[in-house]
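Notes follow once the structure below has been shown.
Only this structure's heavy atoms are used, side chains among them; waters, hydrogens and symmetry mates stay out. Atoms within a ligand are numbered from 1 in the order they appear, just like the ligands themselves. Numbering of residues begins at 1 and proceeds along the displayed sequence.
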Amino acid sequence: MHLVLIGPPGSGKGTISSLIKDHWHIAHISTGDLLRAELKKASPLADELREIMGAGQLVSDEIVTKLLSERIVQEDCRNGFLLDGYPRNLAQADLLAGLLEENDLKLDRALYVTVPTETIVERLGDRRVCKDCGATYSISKLPPAVEGVCDKCQGEVIQRVDDQPDTIRDRMEVYASATEPVLKYYRDQNLLVEYDNSGDLSEAIQKLEAIL
Ligand code: AMP
């Protein structure tokens, strides 16, 4: 199964991705994670990415697509994959169509994750992540057992620079202008299905099975 996941920042794409990955045994590819892995390297590219991502802007299509093209051919993608955070604009949607064709693959669904805007702002302000393994916490609902220390790997738990209030607003604007047209792109191809992620997670798999 090959899926793309589309939704505003903070709509819970990461959580839904983990559920889908475990249930359908497909690889979860987050372009944000691929880029954050690049940031850890000491390179001119890392410096450039830090500046762009710190400002909540989109990284160039060329850089992200190159990272993605290297990722989708890896062994763990043989059973399928779920793209989380790509495509973010129409140009990337076209690039993805080309990448899939080159690899003889077909997109099965574009899953649109929705939640009310108030929930988004609240969730992102609350979110903390482990610098080392990427585990996600919520300060009010699911904090690490020891403040600032990851339960899974003992790494440092921090707030992402792009989860600060000003940057959250910038990311929402970028999403509205660049990513929303992607919804129409997939709707026109009859591939778009909608998932309301404001409800209870215990029902998520059942709901997802019905629409995927
Ligand atoms: P995310 O973890 O998906 O929220 O992504 C974090 C940041 O990485 C975004 O705000 C962008 O700066 C960058 N990014 C992630 N995916 C893409 C993409 N497909 N195209 C451009 N920039 C991206």
Ile120: which other cluster members, linking ILVMFWY side chains closer than 4.5 Å, directly or transitively?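 Taking Ile, Leu, Val, Met, Phe, Trp and Tyr as members, Ile120 shares its hydrophobic cluster with Val115, Leu124, Ile168, Met172.
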Can you tell me which residues line ligand 1 if we count any heavy atom under 4.0 angstrom from one of its atoms, in chain and number order? Thr31, Gly32, Leu35, Arg36, Met53, Gln57, Leu58, Val59, Val64, Gly85, Tyr86, Arg88, Gln92, Arg160, Asp162, Arg171
Does a side chain donor of either Asp94 or Tyr185 reach within less than 3.5 Å of an acceptor in the other side chain?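 Looking only at side-chain atoms, Tyr185 and Asp94 do form a donor-acceptor pair, the distance falling under 3.5 Å.
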So does Lys207 have more than 12 non-hydrogen atoms from other groups sitting under 6.0 Å from NZ?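 Yes, NZ of Lys207 has more than 12 neighbouring heavy atoms, counting only those of other groups under 6.0 Å.
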Which pairs count as side chain to side chain donor-acceptor pair (under 3.5 Å) when at least one residue sits in residues 3-15, sequence neighbours excluded?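 Found none.
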Tell me every residue that passes salt bridge (Lys or Arg N to Asp or Glu O under 4.0 Å) with Asp108, counting only those two or more places apart in sequence or in another chain. Lys106
Please tell me whether His28 and Phe81 form a close aromatic pair, meaning their ring centres lie under 6.0 Å apart. no
